[in-house]
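Here's the structure, in structure tokens; my notes come after.
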Amino acid sequence: MTLETAPETARSAVATEGVAAETPTPSVPADANAHCPGVGSEGAGQADACAGCPNQTFCKTGQASKIIDPAPAEIAERLRDSIGSTYLVLSGKGGVGKSTFTSQLAWALSDSEKPEAVLAANPDMEAETTVAVLDVDICGPSQPRMLGCEGEQVHQSQSGWSPVYVSDTLCVMSVGFMLPRNDEAVIWRGPRKNGLIKQFLRDVAWGPQDFLLVDTPPGTSDEHLSLLTYLKQAGIDGAIVLTTPQDVACQDVRRILTFCRKVGVPIVGIVENMSTFVCPSCHQSSVIFPPTSGGGAALAAEFGVPLLGQIPLDPRIGKACDFGHSFLEEHPESPAAEAYRSIVAKIQEIAAQKAT
Amino acid sequence: MSGLEDVKHVIPVLSGKGGVGKSTVTAALAVALWSMGYRVGVLDIDLTGPSVPGIFGMADSHVHAAPDGWVPVFVDREQRLGLMSLGFLLGSKADAVIWRGPKKTAMIKQFIEDVIWGDLDVLLVDTPPGTSDEHISMAENLVAARVDGAVVVTTPQAVSLLDVRKELDFCKKVDLPVLGIVENMSGYVCPHCADCTNIFSTGGGEALAKEYNLHFLARLPIEPELTKILDSGNVARMLDEPDQCATLMRCATLQRAIGMCKTLGFEDRSGRHGGLPESAAADTATTATTVTSNPTATATATEAT
């Protein structure tokens, strides 16, 4: 958690520009220097950051690039038997509600029972749905607060890190549990984030879970590439893409949809959040973020993916998240809860198809 | 050489949280300073989600390379408002920039060193959310420049404040002074019944400012009208037409942005607003009181100075 202010950073970055970035799997050894350009990149062993690294000679001679990172296979091995379906919650834009949606989806799924068809096909399955949430937003982890387990600690056991259990059927893992204070900034460059994500996937003892929901940071960068690299062999069932209606947000979301296409992640569908606002005093609805370019519906049509639903703005959703409660449980009658339920049902249906 | 040698003030706009309105606040500050007669530059270092070109309605423009470096894209006819963003270098607006850290670092270094900003009064830096590669690179590369300090944007809800605390911790660790906190999306006035709802609650930003002993610069309302203007891509055209420019400047957000600039010590030197500072202030006050019962931006401004 130390700040990386080495002046040579910029220089070493220039030396590796366009190389480390485009290498699909620039793995970084655990004992590498802070600004490791990545094993297998062109600058490996020669960048300024490599000076004094124990792996320098190994990288320089090109031996290292011949070694395949065993992590994706280990992760696949670990997740294959324990995780039912893996979904990523993505959005190119920040603040559209990825974490809110992830937490509410997790609450809703963990409160639900499996569809009968699934139980009929797998008689030895438990009826209740188990959900694991993985928060890979390393610079701004929100899941501990939204799931009401702030201040909890991660325990180490023989089988790995134990996730924090919120209820019998819902557990979560986040960097937020590992910080000494909750206002502590995690000032990490890419390779370090990469390392932690690998640990989250490889070293957490998830136990049997029907769903693994991955909450991501905004953008299309290190965290996203690392997730894809490490989950490639384990398999990603799909990405749920969040957007808000205004054009500025849709532009960024278009980028993440293109990203999913480029890297071959199936898109489950688009969720438009903060669609309309119902005034609590007069109960009339108005549009806060105007869909000047058609919003989520237009995006869904443009990319030929389903629009899973439109969730209205409700100040109570934000409050529920601030307090770490389930909005659906607190206000089941609200229109927003209705919208959530229909989206959850669609996701359950997709997951059920896989299980039967 | 190009770079930041002739830039008098550098102000990064930061927030730990995404979608709180960093780009909107940056744009509002830029337009406010421009209308006050300053020469303004906006550098967008949000590489994977550049919104500055779209907000200013310059999405189809391209950066020209001159022998000395890159020429910023100018928004107005007078060429007093220049932009630089990765968005100008991309082929299509759907293009995803899938870059890991080192490449982002190099790009930011280039943006800071190789853009011919010329004789600027203020350079505003729009940043992505978080405290990662882009921010470290910015902090490193701006050390030599005259960085006045950062404006930190937040929304009022607790989850957002949590991330903003991290950003303040970041500023402390990299020795970046904080000029003050802006609370965005504070209240929404229902167009049907004129009742004000605090969708994302209210007051969180001010409490945070108090806790960290920082200036509370402004409380900005949710303004769908402004969103529409920014989405329409008409800002560039509006700045050149006095009538439309006046319409734009009437937005509460921009009025308060002017107030914020004054708090930060930028005097109005356009002469355009010279005759009506009082009415402008009064305007701000009325909008502010309808939105929240809390002190207005201008009130805070006087308090702060």
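The sequence lines fix the lettering, A, B, ..., with proteins before strands; numbering per chain opens at 1.
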Given a strict heavy-atom distance threshold of 4.5 Å, which part of B:Pro128 is in contact with chain A: side chain, backbone, both, or neither?
neither
Need one label for A:Phe323: side chain, backbone, both or neither, based on atoms under 4.5 Å from any heavy atom in chain B.
neither
Residue selection (most heavy-atom pairs with chain B, distance under 4.5 Å) from A:Gly318, A:Gly97, A:Ser221, A:Gly219
A:Ser221
Thinking salt bridges, do A:Lys193 and A:Asp222 make one under a 4.0 Å N-O criterion?
no
Measure distances from A:Val248 to the heavy atoms of chain B and classify the residue's part below 4.5 Å as side chain, backbone, both or neither.
both
So what's closer than 4.5 Å to chain A heavy atoms on B:Thr197: side chain, backbone, both or neither?
side chain
What option among B:Leu47, B:Thr155, B:Val97 has the most heavy-atom pairs under 4.5 Å with chain A?
B:Val97
State whether the side chain of B:Asp44 and the backbone N or O of B:Pro50 hold a donor-acceptor pair below 3.5 Å, judged by distance alone.
no
Would you mind checking which part of B:Leu90 comes under 4.5 Å of any heavy atom in chain A, side chain (CB onward), backbone (N, CA, C, O), both or neither?
side chain
Atom NZ of A:Lys262 with >12 non-hydrogen neighbours under 6.0 angstrom:
yes
Output the option from A:Val253, A:Thr292, A:Thr258, A:Ile288 having the highest count of non-hydrogen pairs under 4.5 Å with chain B.
A:Ile288
Proximal component of B:Cys193, with respect to chain A [non-hydrogen, under 4.5 Å]
both
Flag for B:Glu134-B:Ser137: side-chain donor and acceptor within less than 3.5 Å
no
Quick one: which of A:Lys98, A:Arg261, A:Arg145 has the most heavy-atom pairs under 4.5 Å with chain B, could you say?
A:Arg145
In terms of side-chain heavy atoms, does A:Asn194 have a donor or acceptor partner in A:Ser226 at a distance below 3.5 Å?
yes
Determine whether the side chains of A:Asn182 and A:Glu150 contain a donor N or O and an acceptor N or O closer than 3.5 Å.
yes
Chain A contact via B:Lys22 - side chain, backbone, both or neither, heavy atoms under 4.5 Å:
neither
Contacting region of A:Asp252 [heavy-atom separation from chain B under 4.5 Å]:
side chain
Whether the B:Gln157 and A:Asp322 side chains hold a donor-acceptor pair (N or O, under 3.5 Å, no angle test) is what I'd like checked.
no
Hey, are B:Lys173 and B:Asp169 close enough for a salt bridge, meaning a charged N less than 4.0 Å from a carboxylate O?
yes
Can you tell me which portion of B:Val159 sits under 4.5 Å from chain A's heavy atoms? Options are side chain, backbone, both or neither.
both
Part of B:Asp133 lying under 4.5 Å from any heavy atom of chain A:
both
Could you tell me which residues satisfy ring pair (Phe, Tyr, Trp, His ring centres under 6.0 Å) with B:Tyr212, sequence neighbours excluded, listed by chain and number?
none
Interchain contact, B:Leu161 with chain A, by part (heavy-atom threshold 4.5 Å):
neither
